[in-house]
Amino acid sequence: MTTVHTFDGPTGARIRQDDDERWWFVVDPILIACAVFITALGILLVYSATRGPVSAVQPADTSFLERQVFFAVVGLGCAFGAAMVDVRRLRSFTALGYVGLVGLLAGVLLIGVDINGAQAWYSVGGFTFQPSEPGKIIMIISLAAVLATPSIPLGRLLITLGLAAIPVGLILLQPDMGTVLVYAVVVAAMIMLSEIRGRVIVLLAIVALTVIVGAFQSDVLAEFQQDRLTVFLLSESEIDALDNPNLERVAYNAEQSQIAIGNGGLGGQGLFQGTQTGSDLVPFQETDWIFSVAGEELGFRGAGLLLGVYALLLFRMWRIALLATDRYDRLIVVGVMAMFLFQIFQSTGMAMGMMPVTGIPLPMVSYGGSSMITSLVALGLVLGVHRRRYDFTERT
Amino acid sequence: MVVDDDAGPFRLRIFAFVALVLFGALFTRLWYLQGIEAEAFQAEAESLVLRQVFEEAPRGRILDRNGRVIVDNKVVDVVTVDKAVLEEMTEDEQLEMFHRLATAISRSGRLTKLESIVDEVSRVQHGRFDVVPVAVDVDPSLLVYLGERPDAFPGVAVASRTVRSYPFGPLAAHLLGYVGPVTLAELQSANARIDADDPGAKMYQLSDEIGKTGVERVFEDVLRGVPGVRYLEVDNRGEVIRERYEYNSAPIPGADLYLTIDVDLQALTEEQLAEQLAAVRRRDAAPGEPDFVGAAGCAMATDPRNGDLLAMASFPTYDPREFVNGISFAEFELLTSPENYAPILNRCIQGTYAPGSTFKVITGLAAEEAGLLGEDSIIPEANNGSPGRLEDTGTYFYSRCRDDFDAADTCEFGSTYTGRPRTVGLSEAISVSSDVFFYKLAGEGFWQLPQGPEGDEWIQAKAREFGLGAGTGIQLPYERTGAVPDRDYFDLLADQGVFLRDGSQWFPGDTINLSIGQGELLVTPAQLTNAYATIGNGGLLHQINVAHRIVHPEVDGVQPPDTTFGPRVLRDLEIPADQLAQIDEGLRGVLTHPQGTARSVFDGFPNGFWTVAGKTGTAEVNGKADSSLFAAYGPTNQGEPEIAITAVLEESGFGASAAAPLVRSILEPIALDEVPRARTFDEIDRLEFEQISDAAETDEADGGGDE
């Protein structure tokens with residue numbers, strides 16, 4: 001690239017620089033390196049979780065590996081695109097995206113397919129597509145647009161809550177509790193980091209807490225969701241005493257996952273060497289429970305490194321949010337950051353027995369195209385924010 | 001105002017604090033699991049492996065159209081050897097143990113060689129830790145004997161297993177086929193077709209059985225059940241800690257397959273085929289002629305109304321029970337060797353024969369369509385005075401035999417007719433089986449019609465319309481197509497290097513030979529039966545059905561609807577009624593015309609009440625006695641015929657001397673509604689026991705009388 005880009009410095013002085021000399025000025029190489037590292041490690045872990053028992057008769061199953069690589073390549077391409085586009089100029093299309101999302105979420109309830117108890121997927125030509133995943137990005141962009149528009153001061157909060165409620169309600173009908181939680185956390189974080197006043201937020205938090213506690217005590221939660229909470233709250237012997245096969249099944253996943261991680265020890269069993277992983281003891285170990293594979297095969301050093309790189313990734317995002325000079329841009333970064341933080345904490349926390357069992361993909365690691373592409377595009381958006389941090393031309 | 005303009009950096013720091021706390025918690029927990037408690041978890045992990053144990057579901061049964069069970073399942077005792085235990089023994093210890101085991105099994109009543117145990121244990125299919133069956137269907141006393149001596153037989157156990165059982169013994173063996181252990185190649189190709197994530201997937205394991213031939217093979221997917229899976233948690237010593245019932249799935253049995261055959265008719269057909277061949281073997285050939293070997297043949301019947309197979313007998317036959325306990329290579333060799341006339345062959349679909357005179361009906365219909373008979377015939381003789389009639393002097397002289405050589409080159413085509421010159425029409429020519437009538441049609445037609453498939457290959461075209469030279473669509477594997485020779489076929493064989501002339505050397509003599517079903521023409525008995533069924537039903541060529549219906553197993557207490565198989569019409573030949581009537585008349589004349597070739601054979605047959613239309617065929621085979629053929633359908637006087645039947649007996653002489661009597665012996669009980677009931681082996685045993693005890697009682701009574 002030899003084109004000349006224009007940057008406006010914080011002082012307003014125009015800085016002209018050649019891309020070839022100042023490329024680090026527009027990209028965040030550390031963030032990119034973190035993302036690539038996590039994605040690559042994730043592909044290895046997915047392969048380890050899905051290759052199956054390998055013998056002379058049965059070669060390794062590479063179908064998951066191939067698809068995950070495909071998803072990663074597509075995701076990186078999309079991320080590059082997202083970084084290059086100036087989302088602010090697309091704000092007029094935000095409403096269209098939002099309507100499309102609501103349409104897709106409503107449609108999936110009608111013609112979607114049911115996988116593991118949630119009707120959350122479209123099935124097209126051998127691939128499945130989960131609209132609530134890319135929906136996270138549309139949600140973040142939509143809310144950022146509303147919260148960053150000063151012309152609608154009081155209504156902003158109510159509009160935000162209203163806009164959030166429709167997709168969340170539709171996802172609740174699937175029902176996909178995990179994704180609902182992600183949406184809730186993202187919305188909460190974006191409101192808290194917007195310019196809405198502190199006491200309003202405190203008031204809102206009190207209302208939200210009341211609703212949540214009320215929900216737990218009513219019959220809103222499906223039976224399996226109650227089971228999961230029960231399992232989380234009770235000890236193993238108490239569960240055995242209840243003699244409920246559903247409870248045992250949920251408890252079993254959590255228990256096997258912890259055994260697998262504990263079995264990894266400090267050094268790990270070695271990639272592809274995990275005995276628990278190899279004998280498929282943890283169900284859904286390539287998706288929601290992928291951290292158990294990392295824990296067993298890579299040990300404290302590897303799994304800790306993975307967590308560390310996630311932490312570094314989040315720090316870089318946080319830094320971009322801090323440097324951002326545009327409210328809209330900053331809110332986008334905050335939304336993505338909240339999404340990553342919650343998904344990482346919930347997914348790894350569940351695998352380690354710290355959090356209740358709720359299926360949430362570990363970003364860029366869990367098997368699945370919707371999640372992979374969504375995570376990478378979200379990072380692309382953040383990089384875009386970074387790229388135009390001195391660009392005041394479209395300031396809001 | 002609810003807007004706080006200076007919120008950004010401060011609130012971001014709060015966010016960072018929250019994130020730090022959360023990551024701190026994750027690292028702490030990870031350290032707790034992998035640093036502090038690692039040893040405890042490792043001990044637990046070492047002690048637990050989830051093992052899948054597959055349970056093969058019972059295969060579906062095979063029944064006849066009336067629901068009588070032909071193939072069933074039974075549970076037998078199997079002696080197994082655990083290879084994991086063998087690992088800990090030296091080779092000498094193993095051999096010694098196998099020797100003791102072979103002796104014990106043999107003593108219990110099933111003769112077992114040391115080598116067969118060693119072979120079975122070292123077969124590549126078995127994994128290092130598999131439990132290998134070494135003797136199937138052993139006496140239950142072995143269970144006690146081996147159970148009392150665990151030290152002498154480490155790793156040996158007696159387990160039960162479901163295998164195929166055959167209440168009627170070898171009945172319909174060729175049709176049914178047999179099952180055997182799945183081979184590695186079969187396993188991989190079968191599993192590759194299956195979606196393993198489907199809970200109803202019928203995945204194969206290495207110790208499973210799969211249909212190898214016949215109905216068992218074609219309907220494998222129907223008959224095979226869904227294997228059950230049990231999930232066992234085992235520790236590192238292989239001991240089962242607990243069973244994870246919540247993951248288990250029970251085996252679902254395969255679907256029951258009802259065949260179109262009728263066991264009574266099948267048993268009668270097989271019995272009569274075997275008896276007729278035995279009678280052939282008792283006959284002496286004329287001096288200087290090849291012997292009547294009478295070692296092989298086929299008799300089969302279908303329903304002309306819908307193409308259903310009613311009976312299919314191939315001789316020599318074999319006993320599918322031999323395959324149940326695994327068959328040795330030497331035994332299998334005996335079933336396939338040509339010296340034994342390859343009992344494994346299903347001659348009804350795999351034997352190809354020249355049809356001989358049974359083919360004349362097709363030549364006749366072809367001649368009608370080509371305009372060789374009737375008032376405007378292009379053959380001058382057929383148009384003279386008595387239209388459609390030709391003179392039969394017993395020999396046909398053809399003056400343009402090799403028209404590419406010399407116009408004066410005359411060939412002579414003889415026949416078995418030695419009487420005075422006679423004039424015959426199509427019907428009569430069929431009834432008396434006049435060769436010269438058809439020679440003339442073929443020879444003159446060849447001369448008059450332009451060369452090519454639309455012209456002088458009119459007989460071949462009609463033969464193909466009747467399904468000759470192609471599969472009959474019967475639901476059985478390895479069907480052969482036979483051959484309808486023409487110029488293209490000659491070219492093909494010449495290209496393949498088979499010693500034959502090429503298409504440019506197709507001579508009129510080839511067409512003349514073809515007209516009476518000789519030469520290179522080859523058909524299977526199934527094709528011939530189907531062709532006669534087509535004439536019988538007025539021109540509809542069906543694909544032959546073997547399966548009547550499928551009765552699926554219950555799913556969650558609900559009975560799914562049966563799958564039924566209707567008639568499958570391949571094509572409508574649209575034979576004009578007047579032509580069909582002539583052919584039908586000619587075929588009925590075979591039994592009734594004063595010179596009808598099967599008149600004496602059917603002497604005394606209730607023909608007036610149940611009229612048969614049939615045709616004898618005698619096919620010359622180089623250096624061997626003739627093949628004897630008879631194809632028929634009936635009854636023709638009670639609406640649509642309900643059975644088409646063919647018999648082909650190899651090296652057995654004239655059609656009228658072997659095949660026709662065989663067909664009569666099958667049709668007569670049908671006509672009189674006296675088909676004997678087929679008995680299962682159990683019924684025969686019971687009957688014999690009753691007879692013996694009856695005889696004993698009579699003896700006693702007689703004895704009492706004497707005193």
Side-chain angles (χ1 to χ4, degrees), chain A residues 55 57-58 150 153-154 156-157 189 192-200 245-246 248-249 252 256 258-266 268 275-276 279-281 283 295-296 299-300 303-304 307-308 310-311 314-315 318 321-322 324 327 330 334 337-338 341-342 344-345 348-349 352-354, chain B residues 1-16 18-52 124-125 127-128 184 187-188 191 196-197 206 231 233-234 236 244-247:
Chain A
S55 66
V57 183
Q58 197 177 9
L154 180 64
R156 256 193 276 185
L157 182 59
M192 281 186 221
L193 273 84
S194 72
E195 289 153 346
I196 297 199
R197 274 201 178 167
R199 46 189 157 164
V200 179
N246 286 338
E248 281 180 38
R249 194 166 176 153
Y252 176 77
Q256 290 302 327
Q258 285 179 69
I259 293 173
I261 293 171
N263 186 36
L266 285 180
T275 53
Q276 308 294 101
S279 42
D280 227 354
L281 277 167
E296 177 173 33
F300 182 75
L307 283 180
Y310 270 127
L314 279 168
F315 168 70
W318 183 83
L322 197 66
R327 285 184 212 142
R330 176 181 290 168
V334 164
M337 204 159 52
L341 179 63
F342 180 70
I344 294 163
F345 184 71
T348 60
M352 292 191 285
M354 296 167 70
Chain B
M1 279 293 282
V2 285
V3 172
D4 186 347
D5 269 331
D6 204 15
F10 173 67
R11 293 186 184 179
L12 267 175
R13 285 190 181 96
I14 298 179
F15 186 98
V18 172
L20 272 178
V21 170
L22 293 182
F23 268 90
L26 289 179
F27 274 105
T28 312
R29 179 70 182 176
L30 192 63
W31 174 248
Y32 169 77
L33 290 176
Q34 300 196 310
I36 301 169
E37 290 291 322
E39 274 180 36
F41 282 117
Q42 278 160 359
E44 198 166 347
E46 234 171 70
S47 68
L48 291 178
V49 175
L50 198 61
R51 188 184 279 176
Q52 284 185 326
V124 284
Q125 266 112 311
R128 261 179 72 192
L184 206 55
L187 175 107
Q188 284 169 344
N191 282 354
D197 293 332
L206 267 173
Y231 289 85
E233 245 173 36
V234 283
N236 54 357
R244 303 221 54 103
Y245 294 101
E246 65 269 32
Y247 294 116

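Residue numbers start from 1 in every chain, and the chains themselves are labelled A, B, ... in the order their sequence lines are given, proteins ahead of strands. All values below were derived from every heavy atom in this structure, side-chain atoms included, with hydrogens, water molecules and symmetry-related copies excluded. What you are looking at is a predicted structure, and each value in this text was computed from that prediction instead of being measured.
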Could you grab the distance from atom CG of B:Leu12 to atom CG of A:Leu193, nearest 0.5 Å is fine? 5.0 Å

Please name the pair of heavy atoms, one in B:Ala38 and one in A:Gly265, separated by the smallest distance, quoted to 0.1 Å. CB-CA, 3.9 Å

Okay, A:Ala260 and chain B: the region with an atom under 4.5 Å from a heavy atom over there is neither

Interatomic distance, B:Leu22 atom CG to A:Ile344 atom CD1 [nearest 0.5 angstrom]: 10.5 Å

A:Trp318 and B:Arg13: side chain to side chain contact (heavy atoms under 4.5 Å, CB included), yes or no, with the steps? CA-CA 9 Å; A:Trp318 183 83; B:Arg13 285 190 181 96; 4.1 Å; yes

Could you look at B:Phe23 and say if it's the side chain, the backbone, both or neither that has a heavy atom under 4.5 Å from chain A? side chain

Which atoms of A:Ile261 come close to chain B, meaning under 4.5 Å heavy atom to heavy atom: side chain ones, backbone ones, both, or neither? both

In Å and rounded to the nearest 0.5 Å, what is the CG to CE distance from B:Leu26 to A:Met352? 4.5 Å

May I ask you to decide if A:Phe300's main-chain N or O and B:Gln34's side chain share a donor-acceptor pair within less than 3.5 Å? yes

Evaluation steps, side chain to side chain contact (heavy atoms under 4.5 Å, CB included), between B:Trp31 and A:Leu266: CA-CA 9 Å; B:Trp31 174 248; A:Leu266 285 180; 3.5 Å; yes

Can a donor-acceptor pair be found, under 3.5 Å and without considering hydrogens, that links the side chain of B:Glu37 to the backbone of A:Gly262? no

Measuring heavy-atom distances to chain B, does A:Phe315 have an atom under 4.5 Å in its side chain, in its backbone, in both, or in neither? neither

Measuring from atom CG of B:Leu33 to atom CG of A:Asn263, what distance do you get when rounded to the nearest 0.5 angstrom? 11.5 Å

With distance as the sole test, does B:Arg29 use its side chain to make a donor-acceptor pair with the main-chain N or O of A:Gly349 at under 3.5 Å? no

Nearest 0.5 Å, what's the CE-CZ distance between A:Met337 and B:Phe15? 4.0 Å

Once rounded to the nearest 0.5 Å, what's the spacing between atom OG1 of A:Thr348 and atom CZ of B:Phe27? 9.5 Å

Could you tell me which portion of B:Ala40 (side chain, backbone, both or neither) has an atom closer than 4.5 angstrom to a non-hydrogen atom of chain A? neither

